[in-house]
2 protein chains.
Amino acid sequence: MTVPPSRPTRIDTMRERNLALVLREVARGQPVTRARLAEVTGLTKTTVASQVALLEELRLVTTAGPVREGGRGRPGAPVSLAAGPVAGLGLEINGHYLAACVLDPTGEVRLSQTVACDNRGRDARETLEALGTLAQWVIARAAETGLDVVGTGVALPGVITEGNVNAPNLGWESVPAAALISGALHGQVFGVIVDNEANLGALGELWYGAGQGAGSYLYLSGETGIGAGIVVDGELFRGAHGSAGEIGHVVVDPRGTTCRCGGTGCLELVAGIDAVLLAAGLADDVGASEPGLAELLRRLDDGDRAARGAIEAAGQGLATALVGAVNLLDPDTIVLGGLHAHLAPWLTPAIEAAVAHGGGKLRGGRPAIRASALAAESAVRGAAGTVLAAVLADPSALA
Amino acid sequence: MTVPPSRPTRIDTMRERNLALVLREVARGQPVTRARLAEVTGLTKTTVASQVALLEELRLVTTAGPVREGGRGRPGAPVSLAAGPVAGLGLEINGHYLAACVLDPTGEVRLSQTVACDNRGRDARETLEALGTLAQWVIARAAETGLDVVGTGVALPGVITEGNVNAPNLGWESVPAAALISGALHGQVFGVIVDNEANLGALGELWYGAGQGAGSYLYLSGETGIGAGIVVDGELFRGAHGSAGEIGHVVVDPRGTTCRCGGTGCLELVAGIDAVLLAAGLADDVGASEPGLAELLRRLDDGDRAARGAIEAAGQGLATALVGAVNLLDPDTIVLGGLHAHLAPWLTPAIEAAVAHGGGKLRGGRPAIRASALAAESAVRGAAGTVLAAVLADPSALA
DNA sequence: TCACTTTAGTCCAGTCATTAGACTTAATCG
DNA sequence: CGATTAAGTCTAATGACTGGACTAAAGTGA
């Protein structure tokens with residue numbers, strides 16, 4: 001086994017764990033009295049009081065004045081998450097833009113900024129430098145509002161292996177992104193976390209979008225490639241080498257054409273945006289997905305044959321791949337994100353039909369199919385959210 | 001979120017966790033001195049000594065006399081797992097037999113018994129009664145050897161939803177197996193755990209067979225149906241409704257025939273044992289897999305055309321499904337188990353080729369393909385192992 | 001209006017697993 | 001045989017928790 005030689009539990013570990021426990025219960029419940037916290041956590045009132053005092057000191061929660069609720073005894077003082085100064089920064093690198101957003105512990109977007117620019121051909125260092133500049137600017141603006149950024153999440157369209165990023169769509173090979181960017185972002189308690197766009201998009205939807213309430217679900221991030229973020233019991237599923245969720249290279253047609261990955265009949269070849277545009281006769285727009293997508297939607301509305309045919313093929317491919325994914329992963333919900341969110345009305349019926357049939361008789365629940373609620377923002381939001389999740393998981397790190 | 005309102009950490013929780021930590025370190029390391037345990041756990045020598053004393057009292061470990069190793073100072077007294085009296089019972093229900101085995105904490109098989117009988121048509125209660133009788137007999141024999149069974153794991157070919165078992169191959173519908181069997185197995189500290197055969201088979205291979213050393217892997221359990229047990233970081237992956245790993249109903253041919261599940265072109269239809277026998281012209285043997293399998297192997301060796309063709313189709317289907325699984329789950333290793341273990345020599349090449357190509361350029365590691373090391377025993381072993389895993393995870397429950 | 005009840009939150013002594021470091025034991029080295 | 005090294009034990013101190021007593025602030029009913 002490759003299990004890490006797990007840490008011993010010391011007396012202060014106990015304290016840290018209970019601190020996190022109390023904070024977590026405040027986070028869901030929002031205004032909660034100490035008495036109720038004691039009840040729900042199983043800790044004594046004494047302990048809860050001391051933990052809440054600590055959390056107030058860390059400025060993660062605030063206590064309002066006593067509120068009478070019509071109940072009998074002494075009214076309780078409700079504890080809620082503080083809307084500052086602790087905050088998380090989310091960054092995103094994509095083919096056509098850089099984005100940043102700042103979230104406070106309540107999940108509110110306090111600041112958000114997008115810079116259009118072409119990162120496809122550009123040198124990785126150059127792109128990361130631009131991102132660093134953007135980040136510093138956003139952090140400074142946040143500071144003016146009294147926000148203190150305690151960590152940064154970075155989303156990008158690539159696979160991260162041992163700290164190095166491979167992002168074919170950006171032309172990146174083995175770029176130590178976290179190391180390069182953290183120069184511009186020194187002194188943050190929770191440091192810089194770099195992750196795949198699909199993964200962070202999945203978390204964004206889980207925490208702030210269409211995935212709320214779902215325990216386990218699959219988020220589909222469609223761009224030129226197609227990635228999936230897999231969330232299980234509120235945690236990302238990463239696989240043995242960190243490259244789980246590569247649904248774009250699932251085989252949907254064993255008799256199909258050869259893919260750039262070396263395989264045959266991959267999903268990407270029928271349901272990737274470029275593939276759909278090509279099949280719809282919009283070859284000129286390939287590579288510039290956003291305008292191409294707009295044109296595709298127009299033609300679909302007009303009833304254009306080629307467009308309808310292309311989207312149908314894409315729907316069938318997705319259906320096949322997703323039936324496989326449902327049988328293997330058994331998710332609660334499937335969220336269509338990225339550019340595929342816009343195509344959801346045309347894709348959903350085929351997927352729903354296939355999922356209802358495939359293995360339908362054998363499994364307990366049938367997953368719901370939903371379109372992303374955050375659209376293009378899900379990855380940045382997820383990136384910023386990971387910082388807040390880290391705070392929630394170990395608030396004592398701020399001490 | 002459906003997160004359980006997690007337990008508070010009290011002072012005795014700390015003790016329990018550290019007790020489990022020490023035991024876990026003894027389990028891997030086998031003869032370890034207290035000094036080394038202190039070093040590796042991060043606890044002080046004092047604490048380790050007191051925890052080891054407790055574990056000795058629970059009869060989970062034993063200390064041997066001091067052993068000189070040629071080193072300098074005072075020689076340490078090696079602590080090892082005890083080969084008794086604590087033991088786990090594993091049970092298995094399958095189409096053609098009932099099986100039981102008893103494992104001690106070292107993982108040694110201390111007792112094992114198989115009873116051939118046809119459980120396909122039989123009433124569920126009747127089968128469970130027979131299993132109960134077998135279990136009681138085995139427990140009594142174990143007691144004669146000084147073994148005390150502290151819990152039972154039951155493997156069966158079905159999906160468990162909220163305690164109820166659906167097992168089409170046994171003709172079971174909504175059978176509360178755990179409740180029915182635990183009458184015959186009262187008074188065990190860790191109670192009765194019922195799980196899917198593929199899941200427990202996966203754990204069996206992980207702990208005692210071909211999966212040792214793999215962090216994340218996929219175990220294929222091939223019988224009439226095909227199931228997969230997915231292990232991630234040493235833990236089973238169950239999905240949202242407990243029916244993850246239904247790889248038998250992944251679509252491998254969108255243009256294929258209709259499956260009993262309602263889907264089209266499922267893996268089971270080309271790679272399930274019955275399907276292979278049928279395609280090989282061994283229709284008479286369908287339903288009696290074991291003798292049919294023997295005949296199939298004979299014909300394969302003889303170079304029979306129909307047999308070779310059938311196995312090739314099965315290999316292609318498996319390859320397609322597994323490429324999908326690898327892309328989605330990113331496992332370390334793939335283990336071919338159940339009846340497919342016997343076919344491994346004929347199936348492996350196609351699978352390896354497909355996995356090497358499909359997504360090969362994009363991912364970090366390529367999974368290894370292995371045949372099961374325990375063959376038919378993996379599920380019973382895994383079932384017994386879950387009990388020991390429960391002991392390892394919380395030894396204080398024995399106090 | 002005033003005593004009574006109910007509930008929220010604080011205070012204080014006691015518990016107990018852990019730590020740190022001194023001490024004892026048992027081996028090898030020169 | 002004394003010096004050195006390492007394993008294991010003993011003892012006092014630490015600190016987060018618990019349980020119960022206490023105070024605070026509301027509503028209830030005669």
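These values consider heavy atoms only, across backbone and side chains, with no hydrogens, waters or symmetry-generated copies.
Between B:Phe237 and A:Val232, the shortest heavy-atom contact is CE1-CG2, 3.2 Å.
The phosphate of C:dA17 (OP1 or OP2) has no side-chain N or O of B:Ser50 nearer than 4.0 angstrom. The phosphate of D:dC17 has neither OP1 nor OP2 within less than 4.0 Å of any side-chain N or O from B:Thr9. Taking only side-chain nitrogens and oxygens, A:Gln51 never comes nearer than 4.0 Å to OP1 or OP2 of D:dA16. The phosphate of D:dT18 has OP1 or OP2 within less than 4.0 Å of a side-chain N or O from B:Arg10. Contact annotation: A:Asn18 side-chain N/O to D:dA16 OP1/OP2 distance is not under 4.0 Å.
Remark: P of D:dT9 and CD of B:Glu56 are 10 Å apart, rounded to the nearest angstrom. Between the C1' atom of C:dG9 and the CZ atom of A:Arg36 lies a distance of 17 Å, rounded to the nearest Å. The separation between B:Arg34 atom CZ and D:dA6 atom P is 19 Å, rounded to whole Å. Atom P of nucleotide C:dA8 and atom CD of A:Glu39 are separated by 8 Å, given to the nearest angstrom. Regarding B:Met14, its CE atom lies at a distance of 8 Å from the P atom of C:dA17, rounded to whole Å. If you measure from atom NZ of B:Lys45 to atom C1' of D:dT11, you get 14 Å, rounded to the nearest angstrom. Between B:Arg74 atom CZ and C:dC29 atom P there is a gap of 18 Å when expressed in whole angstrom units. Atom pair A:Ile11:CD1 and C:dC16:P shows a separation of 13 Å (rounding to whole Å applied).
A salt bridge does not link A:Arg59 with A:Glu56: every distance from a Lys NZ or Arg NE/NH1/NH2 to an Asp or Glu carboxylate oxygen is 4.0 Å or more.
Between B:Leu23 and B:Leu392, the closest side-chain pair of non-hydrogen atoms falls below 4.5 Å. Using a 4.5 Å cut-off on side-chain heavy atoms (C-beta onward), A:Leu21 and A:Gln51 make no contact. Side-chain contact check for B:Arg110 versus B:Leu147: some heavy-atom pair is nearer than 4.5 Å.
Residue B:Ala49 is the one, among B:Ala49 and A:Arg15, whose nearest nucleotide of DNA chain D lies closer to the 5' end (criterion: closest heavy atom). Nearest-nucleotide positions on DNA chain C place A:Gly76 closer to the 5' end than the other of A:Gly76 and A:Thr46.
Closest to the A:Leu43 side chain, of the nucleotides D:dT28, C:dC29, D:dT18, is D:dT18. Counting only heavy atoms from C-beta on, B:Pro75 has its side chain closest to C:dA27 among C:dA27, D:dC17, D:dT5.
Contact annotation for A:Thr33: backbone-only contact, meaning every heavy-atom pair under 4.0 Å involves sugar-phosphate atoms and none involves a base.
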